[in-house]
Amino acid sequence: MSRNAKINALLLLAVAALAVLPLVLGLGDHKEEPFAGADAEAETAITEIEPDYEPWFSPLYEPASGEIESALFAVQAALGAGVLAYYFGLRRGRRQGEERTAAALRDAPGGD
């Protein structure tokens, strides 16, 4: 197994552990919504500190349910991952093309 394959396997294992361990260890069992987002946690903390607090802004669009909100977030994350994957793939393809061109020029008759 190559060094890069070992590193990739360890990273994949770490990501899987980060996803599974909170569920296995029962973290958040004492809460009503154990894995609520940071926005909900912040709202709860703010209302505990200052019960009369009123937000400065209201959302432009309020989804009808939490499932729709989660689906929209997943679509946003997928689009972002797609853009990043395209960018890094494009960079790698260009680099490989430049390496092939340099090798072809080097191997060509009369090439330096």
Side-chain angles (χ1 to χ4, degrees):
M1 186 180 257
S2 72
R3 182 173 185 265
N4 285 341
K6 288 179 185 177
I7 290 172
N8 287 341
L10 286 173
L11 288 173
L12 185 62
L13 184 63
V15 168
L18 285 173
V20 172
L21 281 176
L23 299 172
V24 172
L25 297 176
L27 300 176
D29 283 347
H30 62 282
K31 296 183 179 180
E32 186 177 318
E33 293 184 36
F35 299 106
D39 291 343
E41 294 288 326
E43 184 178 347
T44 303
I46 289 170
T47 53
E48 285 177 4
I49 295 169
E50 183 66 42
D52 298 330
Y53 175 78
E54 290 187 28
W56 295 357
F57 301 100
S58 61
L60 296 176
Y61 170 70
E62 188 72 36
S65 69
E67 290 82 12
I68 294 173
E69 186 175 353
S70 295
L72 290 173
F73 180 76
V75 168
Q76 178 184 0
L79 286 173
V83 168
L84 285 175
Y86 174 78
Y87 172 74
F88 287 118
L90 184 67
R91 285 194 53 193
R92 182 174 181 177
R94 284 185 181 170
R95 186 183 57 222
Q96 287 176 344
E98 290 171 357
E99 289 171 359
R100 287 185 190 139
T101 303
L105 289 175
R106 191 175 50 246
D107 295 340
D112 294 335

If you look only at distance, which donor and acceptor atoms sit under 3.5 Å apart when one is on a side chain in residues 3-22 and the other is two or more places apart or in another chain?
from, atom 1, to, atom 2, distance (Å)
Asn8, ND2, Asn4, O, 3.4

Starting from the C-alpha separation in whole Å, work towards a yes-or-no answer on side chain to side chain contact (heavy atoms under 4.5 Å, CB included) for Arg95 and Arg91. CA-CA 6 Å; Arg95 186 183 57 222; Arg91 285 194 53 193; 5.8 Å; no
Between side-chain atoms of residues 45-60 and protein atoms elsewhere (two or more places apart, or another chain), which donor-acceptor pairs fall under 3.5 Å?
from, atom 1, to, atom 2, distance (Å)
Thr47, OG1, Glu43, O, 3.0
Thr47, OG1, Thr44, O, 3.0

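- The shortest distance between side-chain heavy atoms of Leu79 and Val75 falls below 4.5 Å.
- Shown here are the side chain to side chain donor-acceptor pair (under 3.5 Å) partners of Ser65, two or more places apart in sequence or in another chain: Glu67.
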